[in-house]
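Structure first, then comments.
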Amino acid sequence: MNNSNLVKRRSLLQGFVAGGLAAAFSGPSHAAEVNGFDEVHDIVIVGSGFAGLATAYSAVKAGLKDILILEKMEAFGGNSCLCGGLMSLPLSPKQKSKGIKDSVEMMMADMYKAGRGFNHPELARKFASDAPGVCAMLDECGVQLKDKVIRLGGHSAPRALVPEAASGGGIVIPIHKWLKAHGVKFQNRTQVTELVLSDGKVKGVQCNVGYNWNDGTSAKTARIGTRSAVVVCTGGWGQDNDFIKTTMPAYALLECTSQPGATAEMLRGLLKAGALPTMLDMYQLGPWASPDEKGAGPGSFFADYAFAEGISINPKTGRRYMNELADRRTRAEAELKVLGESEKDKINYPIAFCSEKTTEHAEGFKAAYRDGCVFRHATVEDLAKNYEIPLPALKQQIAEYNEIVAGKRKDPFEKPLDVKQKLEAPFYSMRLTPKLHYCMGGIAITPKAEVISVETLKPIPDLYAAGEVTGGVHGMDRLGGCSSVDCLVFGLEAGKNAAALVGAKE
């Protein structure tokens, strides 16, 4: 399978590179060593995805002028550039304009249900209450959104905003440009390996400069200091096979949807500095993934629409086996049971399919269809033949679902139907298999994004973190579209609080 499967999302990343945002490393701006550091900045941010960008934005708004963002890869943006960019939050202007009823309490209730009650309450409330505020940043930075609000699995109301580009790059690129215009410095190919502490306070970072992730080499080492704080926004470590098999051996062989730089060295650096870990053995599987594309390509975006307006069936029985809009853990576990019915010479992949009407407005469809992840079937007989589904059972299931859509039958799985779309030929289908998608655990933080010490259970001075490298907000499982909002909410909080330290230290 070649990389064309990810064209729609990765094309934005390639444009990012071509536009000069992945230019070769340029050396430190300060040649002189200052207090043991090669250079010193007002704030040092590690990671250039949603969380790092939001941190920098907040620091700019607080008045800081000397802001440095470090990124270990050649291109900026990390997983944020490659994700679908969906943002699930209550009380957004678009949600209100469409008369959708929602609240902070509804959002929290959905989070607790998906998280099986393992959410840290103060972090979940911070997320839900501050989430509407990210819209102002998106507007100011010129992020373009589609005029729609959709419901993702596990949400009790439609609340997901969709970037016009249907990719996280549609969020990353405008914010990056805004930050560059406001003097924020970006330095790529810089791998931060550990935090520099003195008297229990974080003073800066140790890093490998000119880092090449392909072979692990670098041009030199450097120490970069901060006048306020270090904010770690390095994301998850789903591509770190050694870390995965040590913390959750059952997932060691699963394909991961993350970009290749999603490894655990910065997590190790935080632990070495005394940060308190939480739920490091807990991972999320993406139920919308397909064996017919690498990682999470356009097919995974299309699957959200196939789940909402179509059905997913066990090809052995021709019957539905789950609520297609349940939370991710519930759906992934249901899919694994179907896969468990595989035979030695044939994997029993679950199938999701919908009508042609759905494809007319589903993001990801054209690319997924072109790349061989989504397939067209002119008749129900063609659909059954393609996957060796019992035809009578399949016909009966389709008829029953259409009665549910028409309001003549109660859905045994209680799937919410925001769009009542009848199933009729031609059909469009895709095979499903869960993939390792998100690190639920991480470093413990306070609602102020302060990193908590394992020794004192209080904040480590001058150290903040935001995004997937942290844990506790979502409990055991995360709702769709909430990772991006998590990054933005706690990034904004970290930048604001770190910036306040500059004046306090002068």
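Residues Glu122 and Lys126 fail the side-chain proximity criterion, which asks for heavy atoms closer than 4.5 Å. With contacts defined as side-chain heavy-atom distances shorter than 4.5 Å, the pair Gln284/Leu436 does not qualify. Counting only heavy atoms from C-beta outward, the side chains of Glu309 and Glu324 never approach each other to under 4.5 Å. Inter-residue side-chain proximity for Ser312 and Ile351 is flagged as unmet; no heavy-atom pair is nearer than 4.5 Å. Contact check for Thr257 versus Trp288: side-chain heavy atoms found under the 4.5 Å cut-off. Side-chain contact check for Phe375 versus Asp292: some heavy-atom pair is nearer than 4.5 Å. Considering only heavy atoms from C-beta on, Cys233 stays 4.5 Å or farther from Cys487 through its side chain. Between Phe301 and Val162 there is a side-chain heavy-atom pair separated by less than 4.5 Å.
Interatomic distance, Ser156 OG to Lys113 NZ, rounded to the nearest 0.5 Å: 9.0 Å. Atoms CD and CD1, from Glu450 and Ile460 in turn, are 10.5 Å apart once rounded to the nearest 0.5 Å. In this structure, Leu267 CG and Glu468 CD are separated by 11.0 Å, a value rounded to the nearest 0.5 Å. Here the CD-CE distance, from Glu333 to Met322, works out to 12.0 Å after rounding to the nearest 0.5 Å. In this structure, Met282 CE and Arg478 CZ are separated by 15.0 Å, a value rounded to the nearest 0.5 Å. Here the CG-CG distance, from Asp304 to Leu86, works out to 6.5 Å after rounding to the nearest 0.5 Å.
Ring centers of Phe127 and His474: under 6.0 Å apart, within the cut-off.
Across every non-hydrogen atom of Pro287 and Ala332, the tightest pair is CB-N, 3.8 Å. Summarising the geometry of Leu417 relative to Val405, their closest heavy-atom pair is CD1-CA, 4.1 Å, with the distance given to 0.1 Å. Minimum interatomic distance between Val338 and Asn348 (heavy atoms only, all atoms of both residues): O-ND2, 3.1 Å. Smallest separation of non-hydrogen atoms from Ile69 and Gly52: CD1-O, 4.0 Å. Pairing each heavy atom of Asp371 with each of Pro298, the nearest pair is OD2-CG, 4.4 Å. Across all non-hydrogen atoms, the minimal contact from Glu164 to Leu145 is OE1-O, 3.7 Å.
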For a side-chain contact (heavy atoms from CB on, under 4.5 Å) check, start with the C-alpha distance between Leu463 and Leu270, then their side-chain angles and the critical distance, and finish with the verdict. CA-CA 10 Å; Leu463 180 60; Leu270 285 160; 4.0 Å; yes
Could you walk me through whether Ser88 and Asp110 pass side-chain contact (heavy atoms from CB on, under 4.5 Å), step by step? CA-CA 11 Å; Ser88 294; Asp110 292 344; over 6 Å; no
Should Glu363 and Lys146 be marked as a salt bridge (charged side-chain N to carboxylate O under 4.0 Å, His left out) after you check the CA-CA gap, both sets of side-chain angles, and the distance that decides it? CA-CA 11 Å; Glu363 284 83 20; Lys146 291 181 178 292; 3.8 Å; yes
For side-chain hydrogen bond (donor to acceptor under 3.5 Å, both in side chains), just list the numbers for Arg151 and His155, CA-CA rounded to whole Å, side-chain angles, deciding distance to a tenth of an Å, and then say yes or no. CA-CA 6 Å; Arg151 184 200 300 259; His155 290 275; over 6 Å; no
Give the intermediate values and the outcome of side-chain contact (heavy atoms from CB on, under 4.5 Å) for residues Ile389 and Ile313. CA-CA 9 Å; Ile389 305 169; Ile313 63 166; 3.6 Å; yes
Take Phe365 and Tyr428 through the ring pair (Phe, Tyr, Trp, His ring centres under 6.0 Å) test and state the conclusion after the steps. CA-CA 10 Å; Phe365 165 69; Tyr428 291 80; 5.3 Å; yes
So Ile398 and Gln396, side-chain contact (heavy atoms from CB on, under 4.5 Å) or not? Walk me through it. CA-CA 5 Å; Ile398 291 173; Gln396 181 180 354; over 6 Å; no
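A donor-acceptor pair under 3.5 Å is formed between the side chain of Ser103 and the backbone N or O of Met106. Between the Glu71 side chain and the Phe186 main chain, no donor and acceptor come within less than 3.5 Å of each other. At least one donor-acceptor pair closer than 3.5 Å links the side chain of Asn119 to the backbone N or O of Val473. Under a 3.5 Å cut-off, the side chain of Ser429 and the backbone N or O of Phe353 do not form any donor-acceptor pair. Although no hydrogens or angles enter the test, the distance criterion places a donor-acceptor pair under 3.5 Å between the side chain of Thr55 and the main chain of Ala51. A donor-acceptor pair is defined here as one N or O able to donate and one able to accept, closer than 3.5 Å; such a pair exists between the side chain of Ser80 and the backbone of Phe50. The backbone N or O of Ala306 sits nowhere less than 3.5 Å from a side-chain atom of Thr358 that would complete a donor-acceptor pair. Under a 3.5 Å cut-off, the side chain of Ser290 and the backbone N or O of Arg431 do form a donor-acceptor pair. Judged by distance alone, with hydrogens and angles left aside, the side-chain atoms of Ser58 form a donor-acceptor pair with the main-chain N or O of Lys496 at under 3.5 Å. When atom types are taken as modelled, the side chain of Thr247 and the backbone of Phe243 share a donor-acceptor pair closer than 3.5 angstrom.
Side chain to side chain, Glu493 and Tyr464 fail the donor-acceptor criterion of an N or O pair below 3.5 Å. Judged purely by distance below 3.5 Å, without hydrogens or angles, the side chains of Ser483 and Asp486 never pair a donor atom with an acceptor atom. For His437 and Glu255, the side-chain atoms include no donor-acceptor pair closer than 3.5 Å. There is a side-chain donor-acceptor pair under 3.5 Å between Lys415 and Tyr401. Between the side chains of Tyr349 and Thr433, no donor-acceptor pair of N or O atoms lies under 3.5 Å.
Between Asp130 and Arg125 no salt bridge is recorded (no basic side-chain N to carboxylate O distance below 4.0 Å). Salt bridge Lys98/Asp147: present, at least one basic N to carboxylate O contact under 4.0 Å. With salt bridges taken as basic N to acidic carboxylate O contacts below 4.0 Å, none links Lys408 and Glu403. Ionic pairing of Glu140 and Lys61 is present here: one or more N-O contacts between side-chain nitrogen and carboxylate oxygen are shorter than 4.0 angstrom. Ion pair Arg328/Asp477 not flagged as a salt bridge, since none of the NZ, NE, NH1 or NH2 atoms sits closer than 4.0 Å to an Asp/Glu carboxylate oxygen. Under the 4.0 Å criterion applied to side-chain N and carboxylate O atoms, Glu341 and Lys337 are not assigned as salt-bridge partners. For the pair Glu424 and Lys357, the salt-bridge criterion is not met [side-chain N within less than 4.0 Å of a carboxylate O].
Taking the six-membered ring where the residue is Trp, Tyr283 and Trp237 present perpendicular rings, their angle passing 60° and hence far from 30°.
For Leu457, the CG atom counts as densely surrounded, since its 6.0 Å shell holds more than 12 non-hydrogen atoms of other residues, nucleotides or ligands. Around OH of Tyr251, the count of heavy atoms belonging to other residues, nucleotides or ligands within 6.0 Å exceeds 12. In Lys366, the NZ atom is not crowded: 12 or fewer heavy atoms of neighbouring residues, nucleotides or ligands sit closer than 6.0 Å.
Under the ring-ring contact (aromatic ring centres under 6.0 Å, His included) criterion, His377 pairs with Tyr387, not counting sequence neighbours.
For the pair Arg331 and Phe307, the cation-pi criterion (under 6.0 Å, within 45° of the ring axis) is fulfilled.
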